[in-house]
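Positions are given from 1, in the same order as the sequence printed here.
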Amino acid sequence: MKNLHTCSLVTPTYNWPQALELLLLSILEQTVLPNEVIIADDGSKEETKALIEKFQQKFPVPLVHLWHEDNGNQKPKIMNKAIAKSKYDYIVEIDGDIIMNKHFVEDHLKFAEKGFYLFGSRVNIQANILDKIFKNKTIHFNYFSEGIKKRGRTLRIPFLMNFAKAHEKRSGKLRGCNMSFWREDFIKVNGFNESLVGWGIDDSEMIQRLHNIGIKGKRLKFAGLAYHIYHKEQSKSHIEINNLIEKETTEKKLTTIDKGVNQYL
């Protein structure tokens, strides 16, 4: 295997320690560990803090808990703070309700390439098996597992990534729950846009600015497998405002923003 880059694995979380526990257990099984894990906590209560402290005692790499006060959905802000604090060249971003296949980090690092970011897909774990997976602390899934959707996405055939095409434009399949990018590229476009309010668009708007400075995308297919734990959809009360901001970023080819990561560097 070629020498892999150093990386920081960054994940946002908010008051769902059961899901976070499964994510952390899946990190412990990675074939290639990240150099550090940063939990970007958007104001969770004590239960989350206690869980992280328990894991910190036995974690094989630094496990950093970055918390700010709960003031509504401020994911862009806490993610900016986390990536500002990160120490390594490459950022792997996942959501706090993701369970990773054991090769997840290895795949992101193996296919990391200058001038590109990577985005993967997810297998959906359905609501009817949540009680069981939390009780059994289930982190292993495959094509035949019960209670999952999009079974084709459980197949790992990394050789096929040799034929992956570059995406000149932002893909509609982009999901912030499974993506990675160079830290220096993120800083060039000033990170996530803190003018975005509430749920949605923060990842795709940032990625649009990466495209606007000439960075291309590559989709991880049959690699970087991730399992998304079902939850109710979050409130989309501000989605129209966020969509307008993203539209302006796209049409005006904006490359930077006012309220971004530079506040914390």
Side-chain angles (χ1 to χ4, degrees), residues 7-14 38-43 64 66-96 112 114-120 166-219 234-265:
C7 83
S8 301
L9 181 74
V10 182
T11 180
T13 196
Y14 177 70
I38 304 178
I39 297 169
D41 187 343
D42 196 15
V64 180
L66 202 67
W67 181 93
H68 68 187
E69 202 171 334
D70 185 358
N71 192 11
N73 187 324
Q74 295 189 98
K75 183 186 151 206
K77 178 179 265 194
I78 195 66
M79 287 296 285
N80 279 339
K81 289 176 178 176
I83 293 171
K85 197 176 175 66
S86 68
K87 293 179 176 162
Y88 296 96
D89 300 340
Y90 199 66
I91 305 297
V92 179
E93 180 190 334
I94 56 168
D95 277 353
K114 289 286 186 184
F116 287 87
Y117 67 89
L118 297 171
F119 63 102
H167 285 253
E168 305 274 348
K169 292 185 175 171
R170 178 170 51 86
S171 166
K173 293 189 166 73
L174 180 83
R175 296 286 178 274
C177 65
N178 181 354
M179 67 186 206
S180 60
F181 43 85
W182 296 97
R183 187 177 184 273
E184 64 178 359
D185 293 340
F186 180 82
I187 289 166
K188 266 183 210 162
V189 298
N190 204 13
F192 291 112
N193 190 343
E194 294 179 20
S195 300
L196 295 165
V197 183
W199 179 88
I201 307 296
D202 47 344
D203 293 299
S204 58
E205 194 274 340
M206 184 276 289
I207 290 291
Q208 183 58 52
R209 279 179 279 119
L210 287 184
H211 278 284
N212 294 348
I213 64 166
I215 305 295
K216 296 170 187 165
K218 260 191 190 171
R219 188 175 176 208
Q234 298 197 42
S235 161
K236 295 185 177 178
S237 55
H238 296 85
I239 200 78
E240 289 83 8
I241 303 166
N242 292 356
N243 279 331
L244 283 172
I245 292 172
E246 184 181 73
K247 189 167 182 260
E248 185 181 34
T249 299
T250 307
E251 289 176 355
K252 294 186 177 173
K253 294 190 163 38
L254 302 180
T255 58
T256 190
I257 43 169
D258 292 332
K259 289 173 70 181
V261 73
N262 61 345
Q263 303 166 87
Y264 316 109
L265 290 169

S.K.: I'd like to check the ring-ring contact (aromatic ring centres under 6.0 Å, His included) partners of Y90; sequence neighbours left out, ordered by chain and number.
M.R.: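 In terms of ring-ring contact (aromatic ring centres under 6.0 Å, His included), with neighbours along the sequence ignored, Y90 is linked to W182.
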S.K.: Taking only residues two or more places apart in sequence or in another chain, which ones pass side-chain contact (heavy atoms from CB on, under 4.5 Å) with N193?
M.R.: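 Listed in chain order: S195, L196, E205, R209, I245, I257.
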S.K.: Tell me, do R183 and I187 make a side-chain contact under 4.5 Å, heavy atoms counted?
M.R.: yes
S.K.: Which residues pass the side chain to side chain donor-acceptor pair (under 3.5 Å) test with T256, sequence neighbours left out?
M.R.: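 Once residues adjacent in sequence are excluded, T256 has no partner under the side chain to side chain donor-acceptor pair (under 3.5 Å) criterion.
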S.K.: To the closest 0.5 Å, what do you measure between CG (N242) and OG (S204)?
M.R.: 9.0 Å
S.K.: Mind jotting down which residue pairs meet the ring pair (Phe, Tyr, Trp, His ring centres under 6.0 Å) criterion with at least one end in residues 242-265? Sequence neighbours excluded, please.
M.R.: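 The answer is none; no pair qualifies.
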S.K.: With rounding to the nearest 0.5 Å, note down the distance linking NZ in K252 to NZ in K247.
M.R.: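 NZ of K247 is found 10.5 Å from NZ of K252.
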S.K.: Can any side-chain N or O of T255 pair as donor or acceptor with the backbone N or O of N212 at less than 3.5 Å?
M.R.: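 Here the side-chain-to-backbone pair does not exist.
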S.K.: Run the side chain to side chain donor-acceptor pair (under 3.5 Å) test against R170 and tell me which residues pass, sequence neighbours left out.
M.R.: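 For R170, the residues satisfying side chain to side chain donor-acceptor pair (under 3.5 Å) (neighbours in sequence not counted) are Q208.
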S.K.: Would a distance-only check, ignoring hydrogens and angles, find a side-chain to backbone donor-acceptor pair under 3.5 Å from T249 to L254?
M.R.: no
S.K.: How would you list, by chain and number, every residue that makes a salt bridge (charged side-chain N to carboxylate O under 4.0 Å, His left out) with K188, sequence neighbours excluded?
M.R.: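 K188: salt bridge (charged side-chain N to carboxylate O under 4.0 Å, His left out) contacts with D185.
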S.K.: Tell me, please, which residues at least two apart from R219 pass side chain to side chain donor-acceptor pair (under 3.5 Å).
M.R.: none
S.K.: Do N80 and Q263 meet the criterion of a side-chain donor-acceptor pair at a distance under 3.5 Å?
M.R.: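 Judged by distance alone, the side chains do not pair up.
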S.K.: Any idea how F181 and F186 line up, ring-wise: parallel (<30°), tilted (30 to 60°), or perpendicular (>60°)?
M.R.: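 Plane angle under 30°, so parallel.
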S.K.: Any sub-3.5 Å donor-acceptor pair from N190's side-chain atoms to N262's backbone N or O?
M.R.: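 Looks like yes, one N/O pair under 3.5 Å.
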S.K.: Within this structure, what is the CG-CD distance for the pair D42 and Q74, rounded to the nearest 0.5 Å?
M.R.: 6.0 Å
S.K.: What is the distance from atom CD1 of I207 to atom CD1 of I201, rounded to the nearest 0.5 Å?
M.R.: 13.0 Å
S.K.: Can you measure from OG1 (T11) to CG (D41) and round to the nearest 0.5 angstrom?
M.R.: 10.0 Å
S.K.: Would you kindly say whether Y14 and N73 are connected by a side-chain donor-acceptor distance under 3.5 Å?
M.R.: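 Checked: Y14/N73 side chains show no N/O donor-acceptor pair below 3.5 Å.
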S.K.: Say whether, by atom type as modelled, one donor and one acceptor occur between the side chain of N178 and the main chain of F119 under 3.5 angstrom.
M.R.: no
S.K.: Going by the rule side-chain contact (heavy atoms from CB on, under 4.5 Å), which residues pair with A40 if we only count those two or more places apart in sequence or in a different chain?
M.R.: I78, M79, A82
S.K.: Once side chain to side chain donor-acceptor pair (under 3.5 Å) is applied, do any residues pair with H211, and if so which ones, sequence neighbours excluded?
M.R.: Y117
S.K.: To the closest 0.5 Å, what do you measure between CE (M206) and CD (E93)?
M.R.: 6.0 Å
S.K.: Just to verify, what does K85 make a side-chain contact (heavy atoms from CB on, under 4.5 Å) with, not counting sequence neighbours?
M.R.: V64, L66
S.K.: Are a donor atom and an acceptor atom from the side chains of H68 and K77 found within less than 3.5 Å of each other?
M.R.: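 Checked: H68/K77 side chains show no N/O donor-acceptor pair below 3.5 Å.
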S.K.: Looking at residues at least two apart in the chain, or sitting in another chain, which of them share a side-chain contact (heavy atoms from CB on, under 4.5 Å) with F116?
M.R.: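 With neighbours one apart ignored, the set is E113, A166, K216, K218.
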S.K.: Listed by chain and number, what are the salt bridge (charged side-chain N to carboxylate O under 4.0 Å, His left out) partners of K114, not counting sequence neighbours?
M.R.: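 Result, salt bridge (charged side-chain N to carboxylate O under 4.0 Å, His left out) vs K114: E184.
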S.K.: Please say which of E246, E194, K75 ends up in a side-chain contact (heavy atoms from CB on, under 4.5 Å) with D202.
M.R.: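 It is K75; the other options fail the test.
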